[in-house]
Amino acid sequence: MKKYNFDQVINRQNTDSLKYGVLKERYGRDDLLPLWVADMDFQSPPELIDVLVKRCQHGIFGYPFASQEYYQSIIDWQKKHHQWNVEKNEISYIPGIVKGIAFALDVFSEKGDQIIIQPPVYHPFRIIPNLHDREVVNNPLILEGDRYKMDFTGLEKLLIINKKCKILILSNPHNPGGRVWSKEELTQLAEICYKNKVLVISDEIHSDLVLNGNKHIPFASVSQEAEQNSITFNAPSKTFNIAGIVTSYSIIKNEKIREKFHKYLVSNELNDGTIFAYLALQTAYEKGEEWLKELKKYIEDNVKYVNDYLQNNIPQIKVMLPEASFLLWLDCRELHLSQKELNSLFINKAHLALNDGEMFGKEGAGFMRMNIGCPRSLLEKALHQLQKVI
């Protein structure tokens, strides 16, 4: 019997929600159904809410510290769910994964250095290095059928030509395509980067949202080369819909890399979490497993619903079936529209706010990213609106 109600529609207006509150600013109109930024329209686990409410009722919000139980919850979660052995000294709180990437750029590269990304990919991977005066070097993924794969031949050629590559930023699992990278792929990537002294930053924020029996593999766990040449960033924020609490953390196996990164955090007082960050992470990892199991089943059913609906009613749009996450990568190329026309179709005709595929790189032309982390009734409404204008 289901314990949690993911069909409940909750009004998020007037809650300072980015997803709902900036539609006019971002899309030019506010009469849109928002299916864009990657937070879900589901309440977080009630077990987590109860603990936070109880803490609020205590009424004193003094300085917190990261308890042994906090660290142990991360260690236990990684061991149980990803068969990865992590030790306390390898973990540090960070105030957001994108911020963590920025910190790593400061520590392990200099202005003018080259940073490798694999587009189409999460857009801050491009934006943050550029803002830090680093040169972004693209090694695009290969779209083979309806599935992305890494271009290892292209990467090796790129590294011969570009002599100032210092960091590769990896999306693991992949956003927006939903790929769960295999051990063989990650091992090959690790070998190339280790050989060429390119540090790998692995963003694993979607790792706990693997679907339909797929298995996430932490990058640092696949080989000695990966372990000794990487920084892993993770958080329960996407998993348990607590992005606004900021619960991110780093895991670094290599002692020298870890010491440099932790020194940067400590010297800038960036390693201290808020009172709710520590508590929310620990509670989610200790008490959220049953909720997560039901959530993933609901998301899997949402994927199937959207895929079936499009096949039966809008066959020009195809779903790249995700192996992880609540984000769908929609292939709209058979509509034969320019990207500007495609965005206008969704925004001005269907009244839907999705993410523009080109946001993730020019390789995203003809695609849109759709957030299906919402009650089924909202998806039904969205797809009916879309069908009417195609």
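As a basis for the values below, the full set of heavy atoms in this structure was taken, side chains included, without hydrogen atoms, waters or symmetry mates.
Residue pairs meeting the salt bridge (charged side-chain N to carboxylate O under 4.0 Å, His left out) criterion with at least one member in residues 215-241: none, sequence neighbours excluded. Counting only residues at least two apart or on different chains, the salt bridge (charged side-chain N to carboxylate O under 4.0 Å, His left out) pairs with a member in residues 113-137 are Lys111-Asp133, Asp113-Lys166. Among pairs with a residue in residues 8-26, those fulfilling side-chain hydrogen bond (donor to acceptor under 3.5 Å, both in side chains) read Arg12-Ser17, Arg12-Asp39, Arg12-Asp41, Lys19-Asp41, Tyr20-Asp41, at least two apart in sequence or across chains. Under the salt bridge (charged side-chain N to carboxylate O under 4.0 Å, His left out) criterion, the residue pairs touching residues 90-108 are Glu90-Lys253, with sequence neighbours excluded. The salt bridge (charged side-chain N to carboxylate O under 4.0 Å, His left out) contacts involving residues 325-334 comprise Lys318-Glu334, Asp331-Arg333, where partners must be two or more places apart or lie in separate chains.
Remark: Lys54 does not engage Asp50 in a salt bridge, criterion side-chain N to carboxylate O under 4.0 Å. Here Asp76 does not pair with Lys80 in a salt bridge; the nearest charged N to carboxylate O distance is not below 4.0 Å.
Looking only at side-chain heavy atoms (C-beta outward), Leu168 and Asn139 stay at 4.5 Å or farther from each other. Between Asn234 and Ser207, some side-chain heavy-atom pair lies under the 4.5 Å cut-off. Here the side chains of Thr232 and Asn172 are not in contact, with every heavy-atom distance at 4.5 Å or above. Considering only heavy atoms from C-beta on, Phe346 comes within 4.5 Å of Leu386 through its side chain. Taking the side chain as every heavy atom from C-beta outward, Leu155 and Leu189 approach each other to under 4.5 Å. Considering only heavy atoms from C-beta on, Thr239 stays 4.5 Å or farther from Leu295 through its side chain. Considering only heavy atoms from C-beta on, His174 comes within 4.5 Å of Pro176 through its side chain.
The CG atom of Asn312 sits 9.0 Å away from the CG atom of Asn307 when rounded to the nearest 0.5 Å. Taking CG from Asn302 and CD1 from Ile372, the interatomic distance works out to 5.0 Å, rounded to the nearest 0.5 Å. Note that CG of Leu379 is 12.0 Å distant from NZ of Lys381, once rounded to the nearest 0.5 Å. One distance of note links OG of Ser237 with NE2 of His206; it measures 8.5 Å at 0.5 Å rounding. Between the CG atom in Leu265 and the NZ atom in Lys260 there is a gap of 13.0 Å [rounded to 0.5 Å].
Classified by interplanar angle (parallel below 30°, tilted 30° to 60°, perpendicular above 60°), the ring pair Tyr285/Trp77 is parallel. Between Phe233 and Phe261, the angle of the ring planes lies from 30° to 60°, which puts this pair in the tilted group. Relative orientation of the Phe42 and Phe6 rings is perpendicular, given thresholds of 30° and 60° on the angle between their planes. Ring pair Tyr122/Phe125 is perpendicular by interplanar angle, where above 60° counts as perpendicular and below 30° as parallel.
Under a 4.5 Å side-chain heavy-atom criterion applied to ILVMFWY residues, the cluster that includes Leu18 comprises Val22, Leu23, Tyr27, Leu32, Trp36, Val37, Ile347 as well. Other residues sharing the hydrophobic cluster of Ile49, ordered by chain and number and joined by side-chain separations under 4.5 Å: Val53.
In this structure, Arg376 forms a cation-pi arrangement with Tyr298, its terminal cationic atom sitting closer than 6.0 Å to the ring centre and no more than 45° off the ring axis.
For the side chain to side chain donor-acceptor pair (under 3.5 Å) test, no residue two or more places apart in sequence or in another chain qualifies with Asp203. Every residue two or more places apart in sequence or in another chain was checked for a ring-ring contact (aromatic ring centres under 6.0 Å, His included) with Tyr249, and none qualifies. In terms of the ring-ring contact (aromatic ring centres under 6.0 Å, His included) criterion, residue partners of His82 (sequence neighbours excluded) are, by chain and number, His216.
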Only distances under 3.5 Å count here; give the side-chain donor-acceptor pairs of residues 194-202 to other protein atoms, sequence neighbours excluded, each with its distance to 0.1 Å.
{"residue": "Asn196", "atom": "ND2", "partner": "Ile192", "partner atom": "O", "Å": "2.8"}
{"residue": "Ser202", "atom": "OG", "partner": "Glu204", "partner atom": "OE2", "Å": "2.7"}

Which donor-acceptor pairs under 3.5 Å do the side chains of residues 351-360 make with protein atoms, sequence neighbours left out?
{"residue": "His351", "atom": "NE2", "partner": "Arg29", "partner atom": "NH2", "Å": "3.1"}
{"residue": "His351", "atom": "NE2", "partner": "Asn348", "partner atom": "O", "Å": "3.4"}
{"residue": "Asn355", "atom": "OD1", "partner": "Arg369", "partner atom": "NE", "Å": "3.2"}
{"residue": "Asn355", "atom": "OD1", "partner": "Arg369", "partner atom": "NH2", "Å": "3.0"}
{"residue": "Asp356", "atom": "OD1", "partner": "Gln339", "partner atom": "NE2", "Å": "2.6"}
{"residue": "Asp356", "atom": "OD1", "partner": "Asn343", "partner atom": "ND2", "Å": "3.4"}
{"residue": "Asp356", "atom": "OD1", "partner": "Glu358", "partner atom": "N", "Å": "3.0"}
{"residue": "Asp356", "atom": "OD2", "partner": "Asn343", "partner atom": "ND2", "Å": "3.3"}

- Item | Stepwise side-chain contact (heavy atoms from CB on, under 4.5 Å) check, Asn313 with Leu383 | CA-CA 9 Å; Asn313 300 284; Leu383 292 172; over 6 Å; no
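Between Ser73 and Leu281, the shortest heavy-atom distance links the atoms OG-CD2, 3.4 Å.
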